[in-house]
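Sequence lines set the chain letters: A, B, ... in the order given, protein chains first and strands last, and positions in each chain run from 1. Note that these values count all heavy atoms, side chains included, but never hydrogens, waters or copies made by symmetry. Since the structure is predicted, the reported quantities are computational estimates derived from the model, not experimental observations.
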There are 2 protein chains.
Amino acid sequence: MSTRIDSTFAALSDPTRRAILTMLLEDDMAVTDVAEPFDMSLAAISKHLTVLSRAGLISQEKRGRVKWCKLEPDAMRDASVWMQGFGQFEPVDLDGLERFLEKELGD
Amino acid sequence: MSTRIDSTFAALSDPTRRAILTMLLEDDMAVTDVAEPFDMSLAAISKHLTVLSRAGLISQEKRGRVKWCKLEPDAMRDASVWMQGFGQFEPVDLDGLERFLEKELGD
DNA sequence: GAAATCGTCAACCGATTGGTTAAATATTCC
DNA sequence: GGAATATTTAACCAATCGGTTGACGATTTC
């Protein structure tokens, strides 16, 4: 039996999928547009999106022939809460977040 | 090329490994004692500990014939920071943390 | 020094993962 | 209706994963 939090962490363990989530931070996107920057087949990206969707990290809505992908940040809450049980580290690390955004959105 | 954060999330995606980390919240433990509550061979637990160790989530120190396992919560920081980029949810969710601790340490 | 204890290693297994290509299915445009 | 576009599906592949068992090496105990 695989739980929700299992699939959340598993989905996040792949750099392509994390990059996709970061792209979706900026705006909702069609599958083809999600795939564009990656050196990978559309079918592969489609599979990654299925993984993200099953983990609840994104939702997908088909309008016409285009399937729109939307970030669903709530799904990260459980995982985030889980992790905070282990931290003596700052739960809000603004410097870290800034570095993260520069690095992720920068390239 | 697999990065540090990849292996952190991958390590956290397995319920046995998360349970081990929760046990180590309470105290450092020897490998045999970590294995005791699980319906699984010692070798399997040893592998799980290797995964956690490579992800930097625990450290292991051998004293005599006993290998002590220690939680290293710092390794979660990068992953935690990464996730916080996606949250409109509360970064410090005390109610959630409380429920988490009850559930994880309770059984 | 022999026996018990602690833990890892090696070989194996079936299932899953992350990718490919090629074909199929909608949908829209002309 | 036929061509182009958007996306998924199917079949396949090599690599990794999570588990097993059995042998092994190191350490402690008697």
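Nearest heavy-atom pair, B:Ala11 versus B:Arg17, reported as atom, atom and distance to 0.1 Å: O-NE, 2.8 Å.
When distances are taken from the side chain of B:Lys47 to each of D:dA6, C:dA11, C:dA4, the shortest belongs to C:dA11. The side chain of A:Ala43 lies closest to D:dT9, out of C:dC9, D:dT9, D:dG19. Of the candidates D:dT20, C:dC6, C:dG19, D:dT20 carries the atom nearest the B:Met40 side chain, counting heavy atoms from C-beta on. Residue A:Ala30 has its side chain nearest to D:dT7 when only D:dT7, C:dG7, D:dT20 are considered. Between D:dG19, D:dT5, C:dG19, one nucleotide has an atom nearer to the side chain of A:Thr16 than all others, and that is C:dG19.
Here B:Ser41 reaches the OP1 or OP2 of D:dT20: one of its side-chain N or O atoms lies under 4.0 Å away. Residue A:Ser46 places none of its side-chain N or O atoms closer than 4.0 Å to OP1 or OP2 of D:dT7.
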List the atom pairs, with distances to 0.1 Å, where a side-chain N or O of residues 60-70 of chain A and a protein N or O form a donor-acceptor pair under 3.5 Å, not counting sequence neighbours.
| residue | atom | partner | partner atom | Å |
| --- | --- | --- | --- | --- |
| A:Glu61 | OE1 | A:Arg63 | NH1 | 3.1 |

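A:Gln84 and A:Ser80 form a side-chain donor-acceptor contact under 3.5 Å, judged by distance and modelled atom types alone.
Donor-acceptor pairing under 3.5 Å, judged by distance alone, is absent between the side chain of A:Arg65 and the base of D:dT7.
Within residues 50-64 of chain B, the residues that place at least one heavy atom under 4.0 Å from DNA chain D are, in residue-number order, B:Gly64.
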